[in-house]
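The structure under discussion appears below in the form of structure tokens.
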Amino acid sequence: MKCRVLYFAALRDHANTDAESVDTLASDARGLYAQLRARHGFGMDESRLRVAVNGEFAGWNHALRDGDEVAFIPPVSGG
Amino acid sequence: MKCRVLYFAALRDHANTDAESVDTLASDARGLYAQLRARHGFGMDESRLRVAVNGEFAGWNHALRDGDEVAFIPPVSGG
Amino acid sequence: MAMTSFSLSETVIDAAALTRELAQAGAGACVTFEGWVRDHNDGRAVLRLGYQAYASLAQSEGERILAEARDKFAILDVRCVHRVGLLEIGEPAVWVGVSAAHRGAAFDACRYIIDEVKSRVPIWKNEHYADGESGWLHP
Amino acid sequence: MAMTSFSLSETVIDAAALTRELAQAGAGACVTFEGWVRDHNDGRAVLRLGYQAYASLAQSEGERILAEARDKFAILDVRCVHRVGLLEIGEPAVWVGVSAAHRGAAFDACRYIIDEVKSRVPIWKNEHYADGESGWLHP
């Protein structure tokens, strides 16, 4: 299946893109991040990130479906 | 001796003036307020007031001198 | 600066201009408090307010409070303006602004200042009620 | 109203206009917080900042925080605006304003909102340093 992945801040710099379409066999967000971490060499451990699926925060075990929009949220620093 | 007495808020309404010159034999602020309370019929007990002499907060036992400016400060309600 | 941080005003408080006075390159936080004239108090409809001050003592006590805030909290600058005279519903009666490197000190100092101003500065509120009465508040 | 209380802005925040939106006849207190771009952080000189947001999630999470504040505190109205894009030193990066009948709730709600916004809303700060480097802050 295909997911749309959004990147922000340090992950965006690292991936060198703000979004990409990803073919994945991962069943959940955790598996997808592991796949992308291997591809892009992200230094940030899963424990520092949050996940959002289709614009809502979700758990790492969130089951992915074809066409989902997934974002991995680095620690925020607004304000 | 003579003191200048300033009135504010409810005391001003009661005395019907914002200030007056007072001949007094009182040795301290407590005595002066007792004298003025008798004259004007102020309902407010000394325990609810603070005293200022010459523009600074002072104690009720503050010894008065000729020419002092004395104010009896009702509970404040700014803000 | 310490001598002009507190003031009484007979005219409308210009919050934007006051906020600009607090600006410093090292300031990361600015907290302001405005006290507005409410249309009711203790269940009575209020039409407008009059504030009376013992001006010279209000000035010195106000400055004393701001100096205390500078001592107690890690703040960079501070202003407080209190209105005197007649005010309509909704007008700002008092304005407090604090700038600081970090927000905790700015919040704490702003809260400290308005609490102390309300309890210590010789200013009195005269409420004019819808039923035609008026009265000084002496809490 | 609840759907437009939080917003992201690419242009300068107009604090005076936002404050006017909070006005209500029953409001006696208004507390505001502004976060300003500081000229230093962790000992490094900062020239300017860039803010990046996950806009749709920032919007919904910001609104959620304001709804929580309305539930937790006796407040009348609330607004929060966060800048995105490039900001110069001294510019307001975020503005929070709360009106309430009484000041305690206004202070508590304003503090709650900025604390939650800083910890939960997906917005990131990129600091541009005097030495030519820049870096995303991921505390």
Side-chain angles (χ1 to χ4, degrees), chain C residues 12-20 22-42 45-49 76-77 87-115 117-118 125 127, chain D residues 12-20 22-42 45-49 76-77 87-115 117-118 125 127:
Chain C
V12 172
I13 294 170
D14 185 344
L18 288 162
T19 301
R20 281 192 297 274
L22 297 174
Q24 295 190 16
C30 176
V31 173
T32 74
F33 171 83
E34 287 187 18
W36 293 342
V37 177
R38 279 186 298 149
D39 64 354
H40 65 277
N41 191 25
D42 275 338
V46 175
L47 296 183
R48 54 182 192 159
L49 287 187
L76 291 169
D77 208 350
L87 281 77
E88 304 297 323
I89 302 299
E91 277 198 83
V94 58
W95 188 92
V96 181
V98 179
S99 61
H102 301 288
R103 69 188 182 283
F107 273 105
D108 292 345
C110 190
R111 182 72 198 258
Y112 175 82
I113 291 164
I114 186 61
D115 286 353
V117 164
K118 286 176 76 91
K125 183 188 309 198
E127 292 188 336
Chain D
V12 172
I13 294 171
D14 186 344
L18 288 161
T19 301
R20 281 192 297 273
L22 298 174
Q24 295 190 15
C30 175
V31 174
T32 73
F33 172 83
E34 289 187 18
W36 293 343
V37 177
R38 279 187 298 148
D39 65 353
H40 66 276
N41 191 24
D42 275 339
V46 175
L47 295 183
R48 53 183 192 157
L49 286 189
L76 291 168
D77 208 349
L87 281 78
E88 304 297 323
I89 302 298
E91 276 198 84
V94 58
W95 187 93
V96 181
V98 179
S99 61
H102 301 288
R103 69 188 183 284
F107 273 105
D108 292 346
C110 190
R111 182 73 197 257
Y112 175 81
I113 291 164
I114 186 61
D115 286 353
V117 165
K118 287 177 76 90
K125 182 189 308 201
E127 292 188 335

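The analysis underlying the following values was restricted to heavy atoms, covering all of them including side chains, and did not include hydrogens, waters or symmetry mates. Proteins get letters first, then strands, A, B, ... in listed order; numbering begins at 1 in each.
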Could I get the full list of side-chain contact (heavy atoms from CB on, under 4.5 Å) partners for A25(C), not counting sequence neighbours? D39(D), I89(D)
With respect to chain C, which residue among A16(D), G26(D), A15(D), G104(D) yields the maximal number of heavy-atom pairs within a distance under 4.5 Å? G26(D)
Give the member of N41(C), I114(C), V46(C) that has the highest number of heavy-atom pairs under 4.5 Å with chain D. I114(C)
Partners meeting salt bridge (charged side-chain N to carboxylate O under 4.0 Å, His left out) with R38(C) (sequence neighbours left out): none
By residue number, those in residues 90-98 of chain D with heavy atoms under 4.5 Å from heavy atoms of chain C are none
The criterion is side-chain contact (heavy atoms from CB on, under 4.5 Å); which residues satisfy it with A29(D), sequence neighbours excluded? F33(C), R103(D), A106(D)
Per-residue contact mode, V37(D) against chain C (heavy atom under 4.5 angstrom): backbone
For D115(C), is it the side chain, the backbone, both, or neither that has a heavy atom closer than 4.5 Å to a heavy atom of chain D? both
Smallest separation among heavy atoms of Q24(D) and W36(C), with atom names: N-CZ3, 4.4 Å
